Amino acid sequence: MISITTIRLAPILRVAIVLAFAIIIVGTAQRSLWFDELMAMANYPVRDLAGLIDPLPYYSQASPPLFNLICSGVARLHPIAARLTLALIVIAGLTIAVARIVGFRIALAVVALYAALVPSLAIYATELKYYGVEIAGTATIVAWFVSKSRRAPFALPDLAILVAGIACGISTILSAGIATGCWAVLAFIRRRRFSASELGFAAILAVIAVGYYALIRHGSAVQIHNFPNAYGQSGQHAALAVPSAILGLFGNRAPVLALIVLINLTGWRAAATQRLLLILAVIVLSCTALAAFGVYPATAPRHVAWFHGFALLLLANALQILIAGQQRRTHTARTALVLFLGAIAAAATGMTIAKAFTTHFAHEENDPIVAWLAQPRDVPIGLWGGTQPLIQYYRTQDPAVGRHRIFGLADPRSAPVPPRLFSPTFLQQPYDRIAAAVEAGRMLPGGFDLRILYQLRHDYHGAAEALLAEAPRGLPFYIVASHVDWDAPVPLSAEPRSALLDALEAQKCRYLLELKAKEVFILRAICPER
């Protein structure tokens, strides 16, 4: 029997963790929008139903149809309100998924505890990208697999759950296929047969999954083509990138995940634990193999953010194991365990709350330059880095933003980069020829994304020289830079800043730093007359 101490402490802990979780979400939602979010949100609301499945019109962006619908609904809200709305959707999905494992009474507390232990969940839940919704979809699919009886028939409710999970993301197609396949194998071992209706529903699921995959491929074709450094890898390097990305997703919280897995292993005899570990192993191995063949690119933690859905259910199952083991412990041991877990939760939650309000999780602290751009100015303004999508998005929030004489623009419309520009023969040409090709196409559809060629060559001098070629001579002007770090210690992230300063110095321009924040800065400059 669970001790009276446990009964008294558990509700207090649950309420405290949920309240702390609300504070974390609100604090995290207040961070600045970053470059990828700005490029994505500049596309919403979509123009019509076809826009939900087509490549997004600007910056070669792509998202699943359901997320396009959600973002179209929140596009005109204040960014904080939009993020909180998205977070509510993600949290609701996660809570429903976890409830299949531990029940609704403590499901929200489990989600909140996980976010306290692994704060990047709150970041993805509030980020205006589809990764948070995909986490909820993955958790929904895996929870279905864990809780679905082998004896029960595969019926319409199962089809509905899996289709809902698939619609939440892109990797969810793979998760749903593996979950259904693993359940079918276990059910066949148990029953040795499937009914005609089960086979019919499975066929419907397969048709829907294939159709959805076709829609995703259509909607993401331009993005995948235009960013070969992120989506064009294969072989051993790509395969090793999957586990590396998963570890990067958890960062310094990897020991917490290891502890959760260890607790699960102590209860490996339970059917739920066996199923969780089975599908976890199959999906990780499948993703690694597919990455090797260039089918499943996962070069960054955001590409495997859906793994949070697995880790969350592993935590829920670990708590089930600990609660079940309470009956075999003494009163003192039960009390000590509750106090120990409560201390971990309190310490982790406190650290996460403090970080949510004192640290900018986003790559850029764009709010100061948004406020600066909202002020009227007579001096021309040049755009550097990611400032163009920033202005395009924030004009929908405040029409005063960017109402200036602006230079350094590129055409933001989505269009495939000509394939010949990605060929090794072209990229091995002298740099001047590459820069000339980029700048020649800068005002054509897809012009903004031609700058990926500068990134592939790790040299932005062509863009900097083109910017200054449009700047006034003998008169002051500003350069507003976002997604560029003035104090970048890593050479790779310092390349755009260094190229700009080199160009200014080469043309004997004088400049002063007017404003600086995390990965943003503003220069006031003047270049001599030619």
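All of these numbers come straight from a predicted model, not from anything done at the bench. Here, residue 1 is the first one in the sequence, and each next residue gets the next number.
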- Side-chain contact test, heavy atoms from C-beta onward, threshold under 4.5 Å: evaluate it for Leu33 versus Leu128 and give yes or no. yes

- Query: Does the side chain of Ile166 come within less than 4.5 Å of Leu205's, by heavy atoms?
  - Reply: yes

- Nearest-0.5 Å distance that lies between atom CG in Leu277 and atom CZ in Arg275: 13.0 Å

- Query: Do Thr172 and Thr140 come close enough that some side-chain heavy atom pair is under 4.5 Å?
  - Reply: no

- Item | Heavy-atom pair with the smallest gap, counting every atom of Val146 and Ala272 | CG1-CB, 3.7 Å

- Message: Between Val46 and Leu56, does the side-chain contact (heavy atoms from CB on, under 4.5 Å) criterion hold? Intermediate values first, please.
- Response: CA-CA 8 Å; Val46 296; Leu56 293 173; 4.2 Å; yes

- Leu49 atom CG: more than 12 heavy-atom contacts under 6.0 Å: no

- Please name the pair of heavy atoms, one in Ile101 and one in Asn317, separated by the smallest distance, quoted to 0.1 Å. CG2-N, 4.3 Å

- Looking only at heavy atoms, which two atoms of Gly267 and Ile321 are closest? And how far apart? CA-CD1, 3.9 Å

- Close side-chain approach of Tyr114 to Leu121, heavy-atom, < 4.5 Å: yes

- Task: Please report the C-alpha distance between Lys148 and Ile161 in whole Å, then the side-chain angles of each, then the deciding distance to 0.1 Å, and finally whether the side-chain contact (heavy atoms from CB on, under 4.5 Å) criterion is met.
- Result: CA-CA 11 Å; Lys148 173 66 177 175; Ile161 291 170; over 6 Å; no

- Charged N-O contact under 4.0 Å between Glu134 and Arg302: no

- Message: Please determine whether the number of non-hydrogen atoms from other residues, nucleotides or ligands lying under 6.0 Å from atom OH of Tyr58 exceeds 12.
- Response: no

- Salt bridge between Glu364 and Arg31, side-chain N to carboxylate O under 4.0 Å? no

- Task: With rounding to the nearest 0.5 Å, note down the distance linking CG in Leu113 to CG in Leu312.
- Result: 9.5 Å

- Separation of Ser120 OG from Leu249 CG (nearest 0.5 Å): 5.0 Å

- Item | Phe154-Phe194 aromatic ring centre distance below 6.0 Å | no

- Note on the structure: When every non-hydrogen atom of Tyr393 is compared with those of Pro79, the smallest separation belongs to OH-CG, 3.4 Å

- Ring centroid separation His308 to Tyr131 under 6.0 Å: no

- Item | Expected output: side-chain Thr126 to main-chain Ile123 donor-acceptor under 3.5 Å | yes

- Begin from the C-alpha positions of Asn68 and Tyr44 and carry the test side-chain hydrogen bond (donor to acceptor under 3.5 Å, both in side chains) through to its verdict. CA-CA 8 Å; Asn68 287 337; Tyr44 300 113; 2.6 Å; yes

- Message: Strictly distance-based, threshold 3.5 Å: is any side-chain N or O of Ser32 a donor or acceptor partner for the main-chain N or O of Asp367?
- Response: yes

- Task: Tell me, with the steps shown, if Leu38 and Tyr394 meet side-chain contact (heavy atoms from CB on, under 4.5 Å).
- Result: CA-CA 9 Å; Leu38 292 168; Tyr394 276 102; 3.7 Å; yes

- Message: Test your reading of the model: is there a side-chain donor-acceptor pair from Arg150 to the backbone of Trp183, 3.5 Å cut-off?
- Response: no

- Flag this pair as yes if the NZ/CZ of Arg193 is under 6.0 angstrom from the six-membered ring centre of Phe188 and inside a 45 degree cone about the axis; otherwise no. no

- Main-chain N/O of Ala139 paired with Trp306 side-chain donor or acceptor, under 3.5 Å: no

- How far apart are the C-alpha atoms of His225 and Phe422, what are their side-chain angles, what is the distance that settles it, and do they pass the ring pair (Phe, Tyr, Trp, His ring centres under 6.0 Å) test? CA-CA 10 Å; His225 171 78; Phe422 286 140; 5.5 Å; yes

- Between the side chains of Ser171 and Tyr296, is a donor N or O closer than 3.5 angstrom to an acceptor N or O? yes

- Item | Atom pair CG (Leu313) and CD1 (Ile260), whose distance is rounded to the nearest 0.5 Å | 11.0 Å

- Item | Shortest non-hydrogen contact from Gln397 toward Ala75 | NE2-O, 3.4 Å

- Query: Where do Ile25 and Ala87 come nearest, in terms of heavy atoms and distance?
  - Reply: CG2-CB, 4.0 Å

- Query: Do Leu276 and Leu280 have side-chain heavy atoms sitting under 4.5 Å apart?
  - Reply: no

- Message: If I take atom CD1 from residue Ile170 and atom CG from residue Leu215, how far apart are they, to the nearest 0.5 angstrom?
- Response: 11.5 Å

- Task: Report yes if the side chains of Leu240 and Gln236 come closer than 4.5 Å at any heavy-atom pair, otherwise no.
- Result: yes

- Query: To the nearest 0.5 Å, how far apart are CG in Asp158 and CD in Glu198?
  - Reply: 9.0 Å

- Query: Taking the side chain as C-beta and beyond, is there a heavy-atom pair between Leu290 and Leu174 under 4.5 Å?
  - Reply: yes

- Message: Is it the case that the side chains of Trp34 and Asn366 hold a donor-acceptor pair, with the cut-off being a distance below 3.5 Å and no angle test?
- Response: no

- Look at the rings of Phe448 and Phe35 and say which category their plane angle falls in: under 30° parallel, 30 to 60° tilted, over 60° perpendicular. tilted

- Output yes when a side-chain donor or acceptor of Asn226 lies under 3.5 Å from a complementary backbone atom of Val417, and no otherwise. yes

- State whether the side chain of Ser220 and the backbone N or O of Gln223 hold a donor-acceptor pair below 3.5 Å, judged by distance alone. no

- Task: Kindly state whether the ring of Tyr213 and the ring of His218 have centres lying under 6.0 angstrom apart.
- Result: no

- Return yes when atom CZ of Arg47 has more than 12 non-hydrogen atoms of other residues, nucleotides or ligands closer than 6.0 Å, and no otherwise. no

- Show your working on side-chain contact (heavy atoms from CB on, under 4.5 Å) between Glu37 and Lys129 and close with a plain yes or no. CA-CA 6 Å; Glu37 289 179 287; Lys129 297 284 282 183; 4.2 Å; yes

- Item | Side chains of Pro57 and Arg413 in contact at under 4.5 Å (non-hydrogen atoms) | no

- Query: Taking Ser414 for the side chain and Ser60 for the main chain, is one N or O donor matched with an acceptor at less than 3.5 Å?
  - Reply: yes

